[in-house]
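Here is how names work: the chains are called A, B, and so on, in the same order as the sequence lines, proteins then strands, and each is numbered from 1. Below, each value reflects all heavy atoms present in this structure, side chains not excepted, and no hydrogens, waters or symmetry copies.
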There are 2 protein chains.
Amino acid sequence: MTDTPVIRLLLADDQALVRGALSALLGLEPDLEVVAEVGSGDAVVPAVLEHRPDVALLDVEMPGIDGIAATAEVRRAAPDTRVLIVTTFGRPGYLRRALQAGAAGFVVKDTPAAQLADAVRRVHRGLRVVDPTLAADSLVAGESPLTARETDVLRAARDGSSVATIAGRLFLSEGTVRNHLSSAIGKTGATNRAEAVLTAEGNGWL
Amino acid sequence: MTDTPVIRLLLADDQALVRGALSALLGLEPDLEVVAEVGSGDAVVPAVLEHRPDVALLDVEMPGIDGIAATAEVRRAAPDTRVLIVTTFGRPGYLRRALQAGAAGFVVKDTPAAQLADAVRRVHRGLRVVDPTLAADSLVAGESPLTARETDVLRAARDGSSVATIAGRLFLSEGTVRNHLSSAIGKTGATNRAEAVLTAEGNGWL
DNA sequence: ACCTGACCATGACAGCTGTCACGGGTCGGC
DNA sequence: GCCGACCCGTGACAGCTGTCATGGTCAGGT
């Protein structure tokens, strides 16, 4: 640990405008330097290996692999790089899964802009940064009660497909699909397939 | 044209981080100056009246009134202020409705960051700025084929409510709701209520 | 006056959906 | 080994959904 005063950053966000804007915002801080920007989850690990940033700021929703899977890969490929998730949706399941994947921090995009640089510095110092209200939500919402198969079926039902279509896509019997759906509906407290999809999505279970 | 060299801007976006980041990005340009930032649609017009910006950058999705309705109000309250829509979702219906409401430009958030300042300058000079690929989509998608009532019913069906619930909420008979839904399903080319909701939302018809 | 289109409603009907009961299979833990 | 949790399947059934036919009102255009 010598006196390297500059924290090197990587930005990953699919919206180029937001990416550039965040870069401009963080570039105003004298102790921060953006060394790489990528627009997809697949490009995160190669960029990390090439530029060796101190902190990687990842969005969750991205083309390719999502930010949570990218977090796990970054942890494995470059353990010295700390990951800070910066996302639009403060879904409880996202926070939980991100932390389990090894993220050091989790910030929602409607936090004040001045706070972001501070979050980056805390993460770099080895501290955890978590939105407090979101952490509470995460506790009450808990882990996903859905089994792997129920998640698959519910995910396939997101686009409004019929039972027959889902069954064909997942190579299952229609009755099985109906059973999984029924179980998922019960577990989510919904009365409906569409409702179940919405609450599961809202909790970050899909 | 050697008049006022500085273009005064207003930023409206519900995500504070994005707002601040855009402010930082645009603040780097010597001929641009952000004079106001707001986080809700309701706050747009008062801020415009107070600060009299040359260009207002509005997001579509915001708490309070949305960016399109805000556009119309800005045009009415301060005709000298030009409006540039900056949004996440490039939905064809958004573009059409924004232009009809009097917006001078429409930019999607995954355009390159360097292009935004240019778009602001073009809008300020009185030019129209529209994403070309989006404009093509807007032409093929066309205006919403849904009647007012069909839109109401479909909007009430977004959260997965049953026919009975929708009927109660809209003070209609269940049969009427089913008819409107059926008509909307036919017009959207869907086979399903959920599918109809998705395609209608994707086209910006809700 | 006529027609068109949007709106509301009723009733009927096939088909899809959600639920339940039941059976069989695998796998890991006690 | 037994048990539980998960997975897959079948069959049956009530209830909801989507469609259609029919009929009425009302505004706008010809």
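For the atom pair CD1 of B/Ile65 and CD1 of B/Ile68, the computed distance is 11.0 Å after rounding to the nearest 0.5 Å. The CD atom of B/Glu37 lies 10.5 Å from the CG atom of B/Leu9; values are rounded to the nearest 0.5 Å.
One finds a salt bridge joining A/Arg169 and A/Asp159 here, because a Lys/Arg side-chain nitrogen approaches an Asp/Glu carboxylate oxygen to under 4.0 Å. We find that A/Asp59 and A/Arg19 are not joined by a salt bridge, their nearest charged nitrogen and carboxylate oxygen being 4.0 Å or further apart.
Only at 4.0 angstrom or more do the heavy atoms of residues 149-159 of chain B sit from any atom of DNA chain D, so none qualifies.
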(request) Report the C-alpha distance between A/Lys109 and A/Asp13 in whole Å, list the side-chain angles of each, state the deciding distance to 0.1 Å, and finish with yes or no for salt bridge (charged side-chain N to carboxylate O under 4.0 Å, His left out). (result) CA-CA 12 Å; A/Lys109 275 189 185 164; A/Asp13 195 307; 2.9 Å; yes
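Between the CG atom of B/Leu170 and the P atom of C/dC7 there is a distance of 12 Å, rounded to whole Å. Between A/Leu146 atom CG and D/dA5 atom C1' the separation is 15 Å, expressed in whole Å.
Within the 4.0 angstrom heavy-atom criterion, base atoms lie near A/Thr176.
Distance from the side chain of B/Leu172 is smallest to C/dC8 among C/dC8, D/dG9, C/dC7.
At C/dC7, none of the side-chain N or O atoms of B/His180 fall inside 4.0 Å of OP1 or OP2 (strictly under the cut-off). The phosphate of C/dT10 has OP1 or OP2 within less than 4.0 Å of a side-chain N or O from B/Ser173.
B/Glu195 and B/Thr199 are not linked by any side-chain donor-acceptor pair at a separation below 3.5 angstrom, with hydrogens and angles left out of the test.
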(request) List the protein contact pattern of nucleotides 14-29 of chain D with one symbol per nucleotide (5' to 3'): B for base contact, S for sugar-phosphate-only contact, - for none; contact means a heavy-atom distance under 4.0 Å. (result) ---BBBB---------
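In summary, of the residues considered (A/Val55, A/Val74, A/Leu58), a side chain to side chain contact (heavy atoms under 4.5 Å, CB included) with A/Leu10 occurs for A/Leu58 alone.
In this structure, A/Ile85 and A/Val107 have side chains that are not in contact, with every pair of non-hydrogen atoms separated by 4.5 Å or more.
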